[in-house]
Student: 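What follows is a single structure, and I will ask about it in a moment.
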Amino acid sequence: MGKFRFPTYSLCSYVVFLFCKRRIKDIPPEVSHFFTKTSALKHLNLSGTKLPSEMLREILHGLAINDKISNLHMDLSDCELRSSGAQVIQDMIFDINSLSSLDISNNGFDSDMVTLILSIGRSKSIKHVSLGKNFNVKSGTAVADIIHRIVQLIQDEDCTIESLSLADSRLKSEINILLNALGKKNNLRKIDISGNAMGDTGAKLLSKSLQLNTQLRMITWDKNNTTANGFLILAHALERNYTLRSMPLPLSDISQAYRMNQSKTEDALHLIQSHLLRNNQMKGNVPKKLKMQQARGMKEETPGHEEQIIR
């Protein structure tokens, strides 16, 4: 296991990427000092490290004091932080003004997610957050409450978060709450909802929201059990979306859909790619008539609205 040594004081001005991939048993005395003094750090990757909450507190304390760095990307995924780590993050995250990207996926936060999300929402610097694999709670009501908090987060005008990942969370129908919210005013420009097994029902709700959304620029949504029908519904929805520019091919779902219905899958993918190409060429110039329809749609949804929009 050994003792992990942080870079010496003389290197504080030069370390841009700090990576650790080992279990840390003893807390080096220079931890807080390094993170207080470092002036070039841009990437802090502690993913997969069994990180004691006391050491996490020392790291975050040093970063909170440090006023020399900015645009820091911090990866704390798979660190087994659980409730004690969640408490440290809640206590310290607001004071770290240099943090722009935070990955805390797969840490067993689960029932602590509601309060943790509220704390992250108070940050004035975080633009991207990864929350996936932290939804292992028995009650469906509890999961729904967490998703509602996430929706409140992205709809808060004062929130700085523009990119969200809930990848590999197996939320199934619970993710519908978020999919519906994407059709209303929010701050997101990128979202990753891969690995949530939302099926064609989720694809239909996503399609509905994309016809109203003018903020999203990128969606990642593989491993959701989407069939050829789901892809075709989304393809038709993109006819009315002129602002989404990137959608990495969901290869896992495509391979399954292709085996079930090759022709329909190919037609859907061709439409999707052609609409995305159009959007990149137009650079977000939404037709005036459609822009007015989208604005009305975000304000209120009338009975039969879904049927009117989705064809």
Student: I'd like to know whether I147 forms a side-chain contact (heavy atoms from CB on, under 4.5 Å) with N176, so could you lay out the CA-CA distance, the side-chain angles of the two residues, the decisive distance to 0.1 Å, and finally the verdict.
Tutor: CA-CA 9 Å; I147 303 300; N176 293 348; over 6 Å; no
Student: Roughly how far apart are I89 CD1 and F109 CZ, rounded to 0.5 Å?
Tutor: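 Atom-to-atom, I89:CD1 and F109:CZ are 4.0 Å apart.
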Student: Can you tell whether the side chains of D168 and K223 come within less than 4.0 Å, N to carboxylate O?
Tutor: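 Yes, this pair counts.
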Student: What distance do L60 atom CG and L56 atom CG have between them, rounded to the nearest 0.5 Å?
Tutor: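 With rounding to 0.5 Å, CG (L60) is 4.5 Å from CG (L56).
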Student: Nearest heavy-atom pair of I150 and I117: which atoms, and what distance?
Tutor: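 Smallest interatomic distance, heavy atoms only, reads CG1-CD1, 3.4 Å.
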Student: Given the rule in the side chain to side chain donor-acceptor pair (under 3.5 Å) test, do Q87 and D91 qualify, once you have shown the distances and angles that lead to the verdict?
Tutor: CA-CA 6 Å; Q87 186 60 56; D91 292 342; 2.9 Å; yes
Student: Main chain of T49, side chain of D78: is a donor-acceptor contact present, judged purely on distance under 3.5 Å?
Tutor: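 Judged by distance alone, no pair lies under 3.5 Å.
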Student: Do side-chain atoms of D103 reach the backbone of S105 as a donor and acceptor pair under 3.5 angstrom?
Tutor: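 It does hold such a pair.
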Student: Please report the C-alpha distance between S83 and D112 in whole Å, then the side-chain angles of each, then the deciding distance to 0.1 Å, and finally whether the side chain to side chain donor-acceptor pair (under 3.5 Å) criterion is met.
Tutor: CA-CA 6 Å; S83 291; D112 298 292; 2.6 Å; yes
Student: Ignoring hydrogens and angles, tell me if any N or O in the side chain of S165 forms a donor-acceptor pair with the backbone of S130 under 3.5 Å.
Tutor: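 Such a contact is absent between S165 side chain and S130 backbone.
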Student: For K190, check salt bridge (charged side-chain N to carboxylate O under 4.0 Å, His left out) against everything at least two apart and list the hits.
Tutor: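 In terms of salt bridge (charged side-chain N to carboxylate O under 4.0 Å, His left out), with neighbours along the sequence ignored, K190 is linked to no residue.
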Student: Do I126 and I65 belong together in a cluster built from hydrophobic side chains that touch within less than 4.5 Å?
Tutor: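 No, it is not one cluster - the side chains of I126 and I65 are not joined through contacts under 4.5 Å.
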Student: So, N186 side chain and L153 main chain: donor-acceptor pair closer than 3.5 Å or not?
Tutor: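 Flag not set: sc N186 to bb L153 has no pair under 3.5 Å.
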Student: Does any pair with a residue in residues 125-138 pass salt bridge (charged side-chain N to carboxylate O under 4.0 Å, His left out), and if so which ones, sequence neighbours excluded?
Tutor: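 Those involving residues 125-138 do not exist here.
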Student: Determine yes or no for a side-chain-to-main-chain donor-acceptor pair under 3.5 angstrom, with N107 supplying the side chain and I104 the backbone.
Tutor: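 Checking the backbone N and O of I104 against the side chain of N107, a donor-acceptor pair under 3.5 Å is found.
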Student: Run the side chain to side chain donor-acceptor pair (under 3.5 Å) check on S125 and S100 step by step: do they pass?
Tutor: CA-CA 5 Å; S125 62; S100 65; over 6 Å; no
Student: Evaluate the criterion side-chain contact (heavy atoms from CB on, under 4.5 Å) for residue pair I219 and L206; output intermediate values, then yes/no.
Tutor: CA-CA 10 Å; I219 293 178; L206 177 61; 4.1 Å; yes
Student: Quick test of your reading of the model: are R82 and E80 salt-bridged, counting only N-O distances below 4.0 Å?
Tutor: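 A salt bridge is present here (some side-chain N lies under 4.0 Å from a carboxylate O).
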Student: Are L171 and L178 side-chain neighbours, meaning at least one heavy-atom pair lies under 4.5 Å?
Tutor: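 A side-chain contact under 4.5 Å is absent here.
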Student: Going from CZ on R245 to CZ on R278, what distance comes out if it is rounded to the nearest 0.5 angstrom?
Tutor: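 One gets 12.0 Å once the value is rounded to the nearest 0.5 Å.
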Student: Taking I146 as the starting point, is it possible to reach V151 by hopping between hydrophobic residues whose side chains are less than 4.5 Å apart?
Tutor: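 Linked within one cluster.
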Student: Would you confirm whether S77, through its side chain, and S47, through its main-chain N or O, come within 3.5 Å as a donor-acceptor pair?
Tutor: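 Not confirmed, S77 side chain does not pair with S47 backbone.
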Student: Sub-3.5 Å donor-acceptor pair from the side chain of S169 to the main-chain atoms of L166, do we have one?
Tutor: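 A pair under 3.5 Å: yes.
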Student: For F135, is the NZ or CZ atom of R170 found under 6.0 angstrom from the centre of its six-membered ring and inside 45 degrees of the ring axis?
Tutor: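 Negative - R170 is either too far from the ring of F135 or too far off its axis.
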Student: Decide yes or no for L81 and V88: does some side-chain heavy atom of the first lie under 4.5 Å from some side-chain heavy atom of the second?
Tutor: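 Contact flag for L81/V88 side chains = no.
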Student: Testing I96, I93, L99 one by one against L63 for a side-chain contact (heavy atoms from CB on, under 4.5 Å), which residue passes?
Tutor: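 Going through the options one by one, the only one that passes is I96.
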Student: Any side-chain to backbone donor/acceptor pair from T38 onto F34? Under 3.5 Å, distance only.
Tutor: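 Looks like no, no N/O pair under 3.5 Å.
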Student: With a sphere of 6.0 Å drawn around NE2 of H128, does it hold more than 12 non-hydrogen atoms of other residues, nucleotides or ligands?
Tutor: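 Yes, NE2 of H128 has more than 12 neighbouring heavy atoms, counting only those of other groups under 6.0 Å.
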Student: Only one of T226, T227, N225, N229 forms a side chain to side chain donor-acceptor pair (under 3.5 Å) with D200, so which one is it?
Tutor: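 Filter result, single survivor: T227.
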Student: Please enumerate all residues that pass side-chain contact (heavy atoms from CB on, under 4.5 Å) together with K68, with sequence neighbours excluded.
Tutor: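 With sequence neighbours excluded, K68 shows a side-chain contact (heavy atoms from CB on, under 4.5 Å) to S39, N66, given in chain and number order.
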Student: If we only count heavy atoms from C-beta on, is the M113 to V137 side-chain gap below 4.5 Å?
Tutor: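 No; the side chains remain at least 4.5 Å from each other.
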Student: Short question: side chain of T265, backbone of A257 - any donor-acceptor pair under 3.5 Å?
Tutor: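 Between the backbone of A257 and the side chain of T265 there is a qualifying donor-acceptor contact (under 3.5 Å).
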